[in-house]
Novice: 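Sharing a structure below in structure tokens format, with a few things to ask.
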Amino acid sequence: MLDPQLLRSDIDSVASRLSARSFSLDAAGFRAIEEERKAVQVRTQELQSARNQFAKRIGQAKVKGEDVAGLMAESSRANAELSDLEMRLEAVQRRLQDFMLEVPNIPHASVPAGKSADDNAEMRRAGSPRRFTFTPKDHVDIGAQLKQLDFDTAAKIAGARFALMKGPLARLHRAITQFMLDVHTQEHGYTEIYAPYLVNAKSMEGTGQLPKFEADLFAVPRGEEGKFYLIPTAEVPVTNIVRDEIVPLESLPLKFVCHSPCFRSEAGSYGKDTRGMIRNHQFDKVELVQIAHPQKSYEQLEQLTGHAEEILRRLELPYRVVTLCTGDMGFAAAKTYDIEVWLPGQNAYREISSCSNFEAFQARRLQARFRSEKGKPELVHTLNGSGLAVGRTLIAVMENFQRADGGIDIPPGLHPYMGEIKTITP
RNA sequence: GGAGAGGUGACGGAGCGGUUGAACGUGCCGGUCUCGAAAACCGGAAUACGCGCAAGCGUAUCGUGGGUUCGAAUCCCACCCUCUCCGCCA
């Protein structure tokens, strides 16, 4: 959510900055609601003040044993208008809130303008794609030949967009997870978190998935009306740790790492990446989350992105980093770096991590604050990034380290996590 | 699933339906004292929002939402959460 003060004071410049991400802000609509809010609120508060005065006078008179019937009648009359106004105020505030919740974040000044992924700016490349002496296969074929990656059985058990791994490949998947967690906790200073995979609507709203993106989520019913949502990323439970909290200044930045399964309905991506494990309803991810001082958050974004890159360097996987353009960024982000790993099977770089600074956009929804140097509570900045998506990392290892005989070499960094097994062979 | 207890400020803990945003204590900040500290004493301190150039004024907030009332932290209802016991369970 954006700062309501900013919208009130300078909605036109907000609108123009949002147009870069092809969001058209209804400035006139906002002004109209805001004007009504102001009028209704002022009047309501006047009446409330009058009511409080009456109540106070009646109380005082009663103590003295005076007759208060007249005052009470007068007060009743004055209150008649109030309940109606209070309802109107509530309604207009809800409309304002609804409006605000649908407005995306303002892109940071350093974000390149653009409409689609084609306009993203490549920042750097690391490693160079391996030259194969044979035609490289993609992970689906490699996995099938090894009989360790089975989409048919997964489809029988659950449906499309699920995967089933067996034996050494399943272990490799686990090894990758452990490796990432160890690097981030032991070398990058993150605190490991284990968090709920089902969360309430409030948490989803805090990080921005709700109300706008309900269709992307899975939910399970709970009780009469309520429901739990399955987390689409550990960002949700972990960032919500600081919801409604005021954290001490000296504790910043908070750095959390959390491995979790992620559940996404992938509504609207029919026909996209249907082959293999690129885009599944369920996948594992190691997520990095930072709660930062507002003046440090962009510094922290560079650092966090570097932490994610370090995993790829250790696994000897070629990658590049791109800055998402205004049109390609997520709803809540002010700036995003995507890290894309080289996939020989697709002959392309594919996203394996997305590192974003949300500035105060999430913090405002979360009411996540810190006590500033002046002793006043101020909104924190929140950041997160994948460090990394486990399934896609597995794919990258399979495709980049595949052998002519259909086997897979294990990158040296993972040997300790594989019981020193160095190859997976057919 | 059954039975019970409880949710008040950073924390502990009061609070006959009426000048209660909330006693008291601890902690915190400033000051006096001191070479310095401790102790003691004095003083200060919630958050959000609205109106206003400002000084300031007003509104809301005692788990959440509704209700009763001229007036609710205090009464009623529903829900959420925490704790204890029983049952079940990894």
Side-chain angles (χ1 to χ4, degrees), chain A residues 1-9 30-101 194-206 210 219-229 237 240-252 261 360 363-380:
Chain A
M1 198 160 76
L2 298 178
D3 184 357
Q5 302 288 359
L6 184 64
L7 277 145
R8 271 180 223 151
S9 62
F30 178 81
R31 281 202 193 88
I33 306 175
E34 177 54 22
E35 208 169 294
E36 187 184 346
R37 191 226 91 227
K38 194 181 257 190
V40 175
Q41 181 164 350
V42 168
R43 182 65 187 144
T44 304
Q45 292 189 350
E46 279 171 13
L47 290 175
Q48 285 172 329
S49 178
R51 178 199 60 195
N52 292 346
Q53 290 304 316
F54 269 118
K56 204 167 267 186
R57 276 165 56 196
I58 292 168
Q60 286 165 345
K62 258 196 162 167
V63 169
K64 293 185 208 139
E66 296 168 9
D67 177 47
V68 292
L71 275 174
M72 278 165 65
E74 205 181 330
S75 179
S76 284
R77 247 176 287 125
N79 283 351
E81 191 191 347
L82 184 58
S83 69
D84 187 54
L85 263 174
E86 280 177 336
M87 270 156 57
R88 271 183 64 196
L89 181 61
E90 202 181 312
V92 73
Q93 276 172 339
R94 191 171 316 120
R95 269 200 291 153
L96 212 50
Q97 179 77 0
D98 291 347
F99 183 97
M100 300 286 300
L101 286 175
Y194 174 85
Y197 303 151
L198 302 178
V199 301
N200 55 36
K202 199 132 200 232
S203 292
M204 286 295 185
E205 205 173 277
L210 288 180
V220 293
R222 186 219 180 190
E224 299 291 303
E225 305 281 309
K227 53 175 115 165
F228 281 132
Y229 291 91
N240 272 278
I241 289 172
V242 293
R243 169 150 58 87
D244 296 324
E245 298 289 336
I246 299 173
V247 302
L249 175 67
E250 59 273 16
S251 71
L252 298 178
R364 187 167 291 107
R365 293 166 167 238
L366 293 161
Q367 282 303 299
R369 296 176 291 176
F370 70 103
R371 206 165 281 285
S372 75
E373 293 80 349
K374 297 180 222 104
K376 285 285 167 197
E378 265 179 55
L379 296 171
V380 297

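By convention in this document, chain letters (A, B, ...) are assigned in the order of the sequence lines, proteins followed by strands, and residues within each chain are numbered from 1.
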Novice: Between A/Asn200 (CG) and B/C79 (P), how many Å, whole number?
Specialist: 18 Å

Novice: Name the pairs: protein N/O against N/O of nucleotides 60-65 of chain B, kept only if under 3.5 Å.
Specialist:
unit_1, atom_1, unit_2, atom_2, d
B/A60, OP1, A/Arg51, NH2, 2.7
B/A60, OP2, A/Asn52, ND2, 3.3

Novice: Would you please name every residue forming a salt bridge (Lys or Arg N to Asp or Glu O under 4.0 Å) with A/Arg365, sequence neighbours left out?
Specialist: none

Novice: Can you tell me how far C1' in B/C11 sits from the matching atom in B/C16, rounded to whole Å?
Specialist: 28 Å

Novice: Would you mind listing every ring-ring contact (aromatic ring centres under 6.0 Å, His included) that reaches into residues 62-82 of chain A, with sequence neighbours excluded?
Specialist: none

Novice: Can you pull the ring-ring contact (aromatic ring centres under 6.0 Å, His included) pairs that have at least one residue in residues 36-91 of chain A, sequence neighbours excluded?
Specialist: none

Novice: Could you tell me how far apart A/Glu34 (CD) and B/C49 (C1') are, to the nearest whole angstrom?
Specialist: 12 Å

Novice: Using a cut-off of under 3.5 Å, enumerate the N/O to N/O pairs linking the protein to nucleotides 76-78 of chain B.
Specialist:
none

Novice: Does A/Lys56 get its side chain close enough to the base of B/G18, under 3.5 Å, for a donor-acceptor pair?
Specialist: no

Novice: Using atom C1' in both nucleotides, what's the gap between B/U20 and B/U32 to the nearest angstrom?
Specialist: 32 Å

Novice: Keeping the roles fixed (side chain from A/Ser75, backbone from A/Leu71), state whether a donor-acceptor pair exists under 3.5 Å.
Specialist: no

Novice: Between atom CZ in A/Arg8 and atom P in B/G52, what is the gap in whole Å?
Specialist: 12 Å

Novice: Tell me: CZ of A/Phe54 to P of B/A72, nearest whole Å?
Specialist: 15 Å

Novice: Rounded to the nearest Å, what distance is computed from the CD atom of residue A/Glu86 to the P atom of nucleotide B/G67?
Specialist: 10 Å

Novice: Taking the C1' atom of each, how far is B/G31 from B/A23, in whole Å?
Specialist: 25 Å

Novice: So, using salt bridge (Lys or Arg N to Asp or Glu O under 4.0 Å) as the criterion, who are the partners of A/Glu205 when residues are at least two apart?
Specialist: none

Novice: Enumerate, atom names and distances included, each donor-acceptor pair closer than 3.5 Å involving a side-chain atom of residues 80-99 of chain A, sequence neighbours excluded.
Specialist:
unit_1, atom_1, unit_2, atom_2, d
A/Glu81, OE1, A/Arg43, NH2, 3.1
A/Glu81, OE2, A/Arg43, NE, 3.4
A/Glu86, OE2, A/Gln48, NE2, 3.0
A/Glu90, OE2, A/Arg94, NH2, 3.1
A/Arg95, NH2, A/Glu36, OE1, 2.8

Novice: Could you check if a side-chain atom of A/Leu249 sits within less than 4.5 angstrom of a side-chain atom of A/Arg371, using non-hydrogen atoms only?
Specialist: no

Novice: If you pin A/Ala50 and A/Met72 to their nearest nucleotides in RNA chain B, which one's is more 5'?
Specialist: A/Ala50

Novice: Whether A/Asn79 contacts B/G71 is assessed here as follows: a side-chain N or O lying under 4.0 Å from the phosphate OP1 or OP2. Is that the case?
Specialist: yes

Novice: How would you list, by chain and number, every residue that makes a side-chain contact (heavy atoms from CB on, under 4.5 Å) with A/Ala32, sequence neighbours excluded?
Specialist: none

Novice: How far, in whole Å, is B/G58 from B/C41 if one measures between their P atoms?
Specialist: 34 Å

Novice: Between A/Ser76 and A/Met72, is there a donor-acceptor pair closer than 3.5 Å when you use the side chain of the first and the backbone of the second?
Specialist: yes

Novice: What is the distance, to the nearest angstrom, from the CE atom on A/Met1 to the P atom on B/A48?
Specialist: 14 Å

Novice: Describe the nucleic acid contact of A/Lys202 in one word from base, sugar-phosphate, nothing, applying a heavy-atom distance below 4.0 Å.
Specialist: nothing

Novice: Please convert RNA chain B into dot-bracket. A pair counts if it is Watson-Crick or G-U wobble with both distances under 3.5 Å; crossing pairs go in [ ] and bases paired with another strand get |.
Specialist: ((((((((.[[[..)..(.....]]].(((((.......))))).((((((....)))))).[[[[[..)....]]]]])))))))....

Novice: Distance-only check: which donor-acceptor pairs under 3.5 Å involve side-chain atoms of residues 195-202 of chain A, not counting sequence neighbours?
Specialist:
unit_1, atom_1, unit_2, atom_2, d
A/Asn200, OD1, A/Lys202, N, 3.4
A/Asn200, OD1, A/Ser203, N, 3.0
A/Asn200, OD1, A/Ser203, OG, 3.1

Novice: Between B/C28 atom P and A/Arg371 atom CZ, what is the distance in whole Å?
Specialist: 15 Å

Novice: Separation of A/Glu46 atom CD from B/C49 atom P, in whole Å?
Specialist: 21 Å

Novice: Please identify each residue that fulfils side chain to side chain donor-acceptor pair (under 3.5 Å) with A/Arg37, with sequence neighbours left out.
Specialist: A/Glu34, A/Gln41

Novice: Work out how far the P atom of B/G2 is from that of B/C88, and round it to whole angstrom.
Specialist: 15 Å

Novice: Please compare A/Gln93 and A/Gln60 by the position of their nearest nucleotide in RNA chain B and report the one closer to 5'.
Specialist: A/Gln60

Novice: Does a nitrogen or oxygen in the side chain of A/Ser49 sit under 4.0 Å from OP1 or OP2 of B/U59?
Specialist: yes

Novice: Any base atoms under 4.0 Å from A/Arg369, or only sugar-phosphate, or nothing? Heavy atoms, all strands.
Specialist: sugar-phosphate

Novice: Using the side-chain heavy atoms of A/Gln5, tell me which of these nucleotides is nearest: B/C70, B/U47, B/G50.
Specialist: B/G50

Novice: If you measure from CD1 on A/Ile58 to NZ on A/Lys56, what distance do you get to the nearest 0.5 Å?
Specialist: 13.0 Å

Novice: Got a sec? Which of residues 37-45 of chain A come in under 4.0 Å of RNA chain B, heavy atoms?
Specialist: A/Arg37, A/Lys38, A/Gln41, A/Val42, A/Gln45

